[in-house]
Amino acid sequence: MLQKPRGTRDFLPDEMEKRRYIEGIMRETSRRWGYREVCTPEFEELELFTIRSGEGIIQEMYVFEDKGGRKLALRPELTAPVLRLYVNEGRSLPKPLRWCYFSDCFRYERPQKGRYRQFWQFGVELIGADTAMSDAEPVMLAGDILKNTGLTFDLHVGHLSFVKKLLEGVDPAMQRTIRMCLDKKDFPALEDLLETNGLPELRESLIALVESRSLAEAFEITGDIPEKSRIEEVFSILDTSGIPYTLNTGIARGLDYYTGIVFEAFAENLGAENQIMGGGTYRLAHLFGGEDTPSSGFAIGFDRVMVALGEVPAGKDLIVGLVIAPGSREWALLVARAFRDAGIRAETDLSGKGIGAQIAQVSRHADFAVIIGAREAECRMVTLKDLGSGEQNEMTVDEAVTEVKRCGACR
RNA sequence: GCCAGGGUAGGGUAGUUGGUCAUCCUAGGGGACUGUGGAUCCCCCGACCCGGGUUCGAGUCUCGGCCCUGGCCCCA
């Protein structure tokens, strides 16, 4: 038997309804902040993804050549495509641009809990603004979205300038290695690293910085830095907004295009892959042929959010099953139309069996049976049977629709 | 790429020191049943992950692969 490719998943209706419900919360929250949806191609020129990350990431992407010999890749993320879109089409739009997206991405990696080869990201990009407010907005929006999904999470916010200041003058490759240790809070490895590279004097200040829990503490360690007042303003906005967050000056965020604010969110019960969101301020547009443009954004690992949420009480549809006697089909179709026009999910019998068998069938999943037999068809009525209580009455279609809607409203 | 534990109908399971036609539950389909309930009864469908090896004989032992679940690495 054919199987789905490794690291991919099928979704049955029950699960799709939950996913759409949560997705809807994310979309609606973004809409309320003024973020409008964009969509980019499922695949892009390979170069779009290697241009800043190097050839190394090719082995973790789905790369292929089309019939015209073009080197293409299934998108492994969405920030680069969205910025490419901005450079191609968005430069003459009034700034700032507030964009969001919800799309699938592909990475050729070893699957594990919360990590799949096809996965969905919900993200936003705020392009063309460079103020404390524009630094803070995506952080606040990310917190708002995650909160509205009902998730329990920790939001960590940091700024790259602190660590950069302490590592001034250190070889860039070494800086990255050090930042990775800080990100993981792997202090033994950090000590080793500093020791063997003749930088032992950094040990105390770096560890103190990462452990610091207030801006004042952090600035005490780094001394004055040019971005100080901007950073203070951003965090003061976050404080004023009431969003719960933790200062974390150790956040490294994988690659180097982040410029200032960086933030991440973590959920429980996710095992090793517990990061559900990451973002920051960055500069990318110039790499894709645009002007140097300040931007800021984040992406949420949608599948991880779904895993972390566990059971989601997806709103159950109220279901009406139409029980149709032979000869009443014409009237039944009109009745079905009336229910559907009223927004009610109505399913007609397909078996052609007897009334009793149809009711038995319908009662397995529907809330109401609408019985349309010869008697009802003749006088243009229906019999509405509440499958919960067993009560049934003959009435007009309008009355039946009203009655079902009334029940739907009070559930 | 590495490590650990797994893989028997759609789901869940039994299978002895290797020995009929592989157990049971559930789900699914059909019927008993042409004006009223999810029941019951009957019938049907449906599996040893794949391949080599040992053996008279492999679901069982052995090796390799694939896949699943976690973890490491990485994580744009």
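Order of the sequence lines sets the chain letters (A, B, ...), proteins ahead of strands, with each chain counted from 1. Predicted model, so just to flag it, every value in this text is computed and none were measured.
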Self-check item: Watson-Crick or G-U wobble mate for B/U60, both contacts under 3.5 Å
Solution: none
Quiz item: Who does B/C2 pair with, Watson-Crick or G-U, both distances under 3.5 Å?
Solution: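 By the stated definition (distances under 3.5 Å), B/G71 pairs with B/C2.
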Practice problem: Kindly point out which of B/A76, B/G37, B/C73 is positioned nearest to the side chain of A/Glu273? | Solution: B/C73
Quiz item: Hey, is A/Arg117 close enough to A/Glu109 for a salt bridge, meaning N to O under 4.0 Å?
Solution: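 Between A/Glu109 and A/Arg117 there is no salt bridge, as every charged N stays at least 4.0 Å from the carboxylate O atoms.
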Exercise. Identify whether the distance between the nearest side-chain nitrogen and carboxylate oxygen of A/Arg84 and A/Glu45 falls below 4.0 Å.
Key: no
Whole-Å distance separating the [atom1] atom of [X] from the [atom2] atom of [N]:
| X | N | atom1 | atom2 | answer |
| --- | --- | --- | --- | --- |
| A/Arg6 | B/G7 | CZ | P | 17 Å |
| A/Glu109 | B/G71 | CD | P | 14 Å |
| A/Lys113 | B/C73 | NZ | P | 18 Å |
| A/Phe119 | B/C75 | CZ | P | 14 Å |
| A/Leu12 | B/G11 | CG | C1' | 12 Å |
| A/Glu44 | B/A76 | CD | P | 19 Å |
| A/Gln112 | B/G5 | CD | C1' | 15 Å |

Does [X] reach a base, just sugar-phosphate, or nothing at all? Heavy atoms under 4.0 Å.
| X | answer |
| --- | --- |
| A/Gly321 | nothing |
| A/Gln361 | nothing |
| A/Asp386 | base |
| A/Gln275 | nothing |
| A/Lys184 | sugar-phosphate |
| A/Gly390 | base |

Exercise. Check each of A/Phe235, A/Phe266, A/Phe153 against A/Tyr245 using the ring pair (Phe, Tyr, Trp, His ring centres under 6.0 Å) test, and report the only one that passes.
Key: A/Phe235
Quiz item: Below 4.0 angstrom from OP1 or OP2 of B/U69, is there any side-chain N or O of A/Arg115?
Solution: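 False: A/Arg115 side-chain N/O out of range (4.0 Å or more) of B/U69 OP1/OP2.
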Quiz item: Where along nucleotides 30-36 of chain B does protein come under 4.0 Å, by heavy atom, of base (B) or sugar-phosphate alone (S), with - for untouched nucleotides?
Solution: -S--SBB
Exercise. Evaluate the side-chain contact (heavy atoms from CB on, under 4.5 Å) criterion for residues A/Trp99 and A/Leu93: first the C-alpha distance (whole Å), next the side-chain angles of each, then the deciding distance (0.1 Å), finally the verdict.
Key: CA-CA 12 Å; A/Trp99 285 351; A/Leu93 296 172; 4.0 Å; yes
Quiz item: What is the ring orientation for A/Phe64 with A/Phe43, classed by angle as parallel under 30°, tilted 30 to 60°, or perpendicular over 60°?
Solution: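 If you compare the ring of A/Phe64 with that of A/Phe43, the planes turn out perpendicular.
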Exercise. Evaluate the side-chain hydrogen bond (donor to acceptor under 3.5 Å, both in side chains) criterion for residues A/Thr383 and A/Glu376: first the C-alpha distance (whole Å), next the side-chain angles of each, then the deciding distance (0.1 Å), finally the verdict.
Key: CA-CA 7 Å; A/Thr383 295; A/Glu376 288 86 352; 2.5 Å; yes
Quiz item: What's the spacing between A/Glu264 CD and A/Asn248 CG if we round to 0.5 Å?
Solution: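 Answer rounded to 0.5 Å: 7.5 Å.
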